[in-house]
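Just below is one structure, and these are the notes that go with it.
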Protein chains: 2
Amino acid sequence: MGKYERVFEDLSAKIDDGTYPVGSLLPSEKKLTETYGVSRETARKALALLTDRGYIQKIMGKGSVVINHSQYALPVSNIVSYKEFSANTGTGSRSDVFALEETNLPTAPFKDLAPDLEPLPAIHVGRVRYLDGEPAIVDNTYVLSSVVPNIPREAAEDSLYEYFENGLGLHIAYSSKQIKVEPATARDRELMKLAKGEYVAVTVSITSLEDTTTFEYTESRHRADKFIYQDFARRR
Amino acid sequence: MGKYERVFEDLSAKIDDGTYPVGSLLPSEKKLTETYGVSRETARKALALLTDRGYIQKIMGKGSVVINHSQYALPVSNIVSYKEFSANTGTGSRSDVFALEETNLPTAPFKDLAPDLEPLPAIHVGRVRYLDGEPAIVDNTYVLSSVVPNIPREAAEDSLYEYFENGLGLHIAYSSKQIKVEPATARDRELMKLAKGEYVAVTVSITSLEDTTTFEYTESRHRADKFIYQDFARRR
DNA sequence: TAGTGGTCTAGACCACTAC
DNA sequence: TAGTGGTCTAGACCACTAT
């Protein structure tokens, strides 16, 4: 871990634990170079990370002000997996795997994000996710067989991301995603015990590795009343 | 505009116009310092911007690969105003202002994002937005009177952001937002001509200035079938 | 081995804010 | 005026990738 990451970790921890409360100023860049024994550009890199994550807002001639940043987010938000999300929020996590099979990638759900998608060989993982003990999310994930030839059932039941990153050593880099609202299908109603006429929030994402290989396609169908997406953005 | 911004503008333009197609490599950092007559750190700042915006993925020992980045986004996505959005996508823009009045900020819609919100004096702007000639969005914006004492009707009909930034010289910095799904209210059905039992996508946002003053609160209610939110994110 | 990006430094000059 | 952040430089050393 580089020096600037250490400085970032220390400052973000001190913001989280209230050492630097919302509205207060962080030490000046000059002070940070002395405190942490780093050059100014290195201190500035740490501050840039804090800015990007919504911890601070820098004000010219004044300093770095601690601001309210989003505390938690749904899995869809920043490529955070369902398991990481439940661990963060403390909601009980449970997944029923209802499909784990070799198939071809369906192109229809991903048409908007990838118009020229080919029906490549893939492994389909279908899961029902529970929030507070109730079925709340139906996930259909397609992983390209060319990148991941096999998925053990335990990985599907636990966490696919954990398996990809720690088990296979894949480096996940970025993702394009969409959120839409659709009427619940008969399958949605069956799996999530919904009444007729209800709607679901649908998130579609396409995820790539650090070498720019696209390898994973997911459609998540959320019970509308359990769905919240939260984000922090900067004007550009 | 700094040098690194000029380099960013030039490179992003060349990615957009196909000079550097998706999958190709940008010139190396060394080459960029020679081409643009800047130091390496300055060239790297430009590349960092391209990375943040989803234009490129850097690969160690190899170079900067051009990737597919999200082309357009709904207003909610990156603090882009409705007018900027319609201008980018070419969909006809039109707004009916149905409310422009002094009132107190309602705290209920913003409870999740700002639990301790006070009912401060504010100007309420209520608008119906049209996409493809049909009423598709109901916006309720509340602007704190302490920051914006008055909003001319023309500004409400045209673009509030344009008025805030160019008319008043406010510097918009960041925003927290949420997306939820709710049953359409009687008011939604009336304004957007929806049938009974339909749902709406609701986005709630709280926007702050560069001096960290929070000044604007918006609830946008979207016709579900016209709503798409698109985003690009990096794993962290 | 040569070329690439990742990190870090010490110093400089500038623009802005507070007093 | 003093202190703050914003930008830029020239150089260094390292880790990784290609060949």
Side-chain angles (χ1 to χ4, degrees), chain A residues 1-11 15 20 23-53 55-67 169-171 173-174 209-213 234-236, chain B residues 1-11 15 20 23-52 55-67 169-171 173-174 208-213 234-236:
Chain A
M1 193 164 62
K3 286 191 186 182
Y4 74 93
E5 288 166 296
R6 265 189 266 276
V7 177
F8 165 77
E9 294 294 346
D10 193 64
L11 290 175
I15 290 172
Y20 300 121
S24 71
L25 283 172
L26 252 43
S28 73
E29 295 182 353
K30 188 168 181 299
K31 202 75 182 290
L32 292 176
T33 66
E34 294 160 5
T35 305
Y36 293 99
V38 298
S39 73
R40 185 163 163 229
E41 287 291 3
T42 300
R44 282 175 59 75
K45 265 196 186 173
L47 294 177
L49 266 187
L50 290 169
T51 304
D52 181 56
R53 304 287 210 275
Y55 280 95
I56 61 170
Q57 171 71 19
K58 301 187 87 175
I59 303 181
M60 266 262 261
K62 197 168 173 195
S64 301
V65 184
V66 178
I67 61 178
L170 298 181
H171 296 282
Y174 58 90
L209 303 174
E210 281 181 355
D211 67 2
T212 75
T213 312
R234 289 187 175 276
R235 176 87 164 146
R236 30 205 209 196
Chain B
M1 196 161 66
K3 287 191 185 180
Y4 75 94
E5 288 167 295
R6 265 188 268 274
V7 177
F8 165 78
E9 295 293 346
D10 193 63
L11 290 175
I15 290 172
Y20 300 120
S24 70
L25 285 171
L26 252 44
S28 72
E29 296 182 353
K30 187 170 182 301
K31 203 76 183 290
L32 292 176
T33 65
E34 295 159 4
T35 306
Y36 293 100
V38 298
S39 74
R40 184 158 164 235
E41 287 291 2
T42 300
R44 282 176 58 75
K45 265 195 185 173
L47 294 176
L49 267 186
L50 290 168
T51 304
D52 181 56
Y55 279 97
I56 61 170
Q57 171 71 20
K58 301 187 85 174
I59 302 182
M60 268 262 261
K62 198 168 172 194
S64 302
V65 184
V66 178
I67 62 178
L170 298 180
H171 297 284
Y174 58 91
S208 304
L209 304 175
E210 281 181 357
D211 67 3
T212 75
T213 310
R234 287 184 177 278
R235 175 86 165 147
R236 31 205 205 198

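All values reported here derive from a predicted model rather than from experimental measurement. Proteins come first, then strands; the chains are lettered A, B, ... in the order of their sequence lines, and each starts at number 1.
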Practice item. Please list, chain by chain and in numerical order, all residues satisfying side chain to side chain donor-acceptor pair (under 3.5 Å) with B/Thr212, sequence neighbours excluded. Key: none
**Study point:** Short N-O contact, A/Glu34 and A/Lys30, less than 4.0 angstrom
**Key:** yes
Exercise for review: Please tell me if the side chains of B/Leu47 and B/Leu11 come closer than 4.5 Å, counting only heavy atoms from C-beta onward.
Suggested key: yes
Check your understanding: Would you say the side chain of B/Met1 lies within less than 4.5 Å of the side chain of B/Glu9, judging by non-hydrogen atoms?
Key -> yes
Point to revise | Contact state string [nucleotides 5-11 of chain D, B base, S sugar-phosphate only, - no protein heavy atom under 4.0 Å] | key: BBBBBB-
Practice item. Compare all side-chain heavy atoms of B/Asp10 with those of B/Tyr36 and state whether any distance is below 4.5 angstrom. Key: yes
**Study point:** Runs of at least three Watson-Crick or G-U pairs with DNA chain D, cut-off 3.5 Å
**Key:** C:1-18 with D:1-18
Review point. Between A/Leu32 and A/Val38, is any pair of side-chain heavy atoms under 4.5 Å apart?
Key: no
Exercise for review: Compare all side-chain heavy atoms of A/Val65 with those of A/Leu25 and state whether any distance is below 4.5 angstrom.
Suggested key: yes
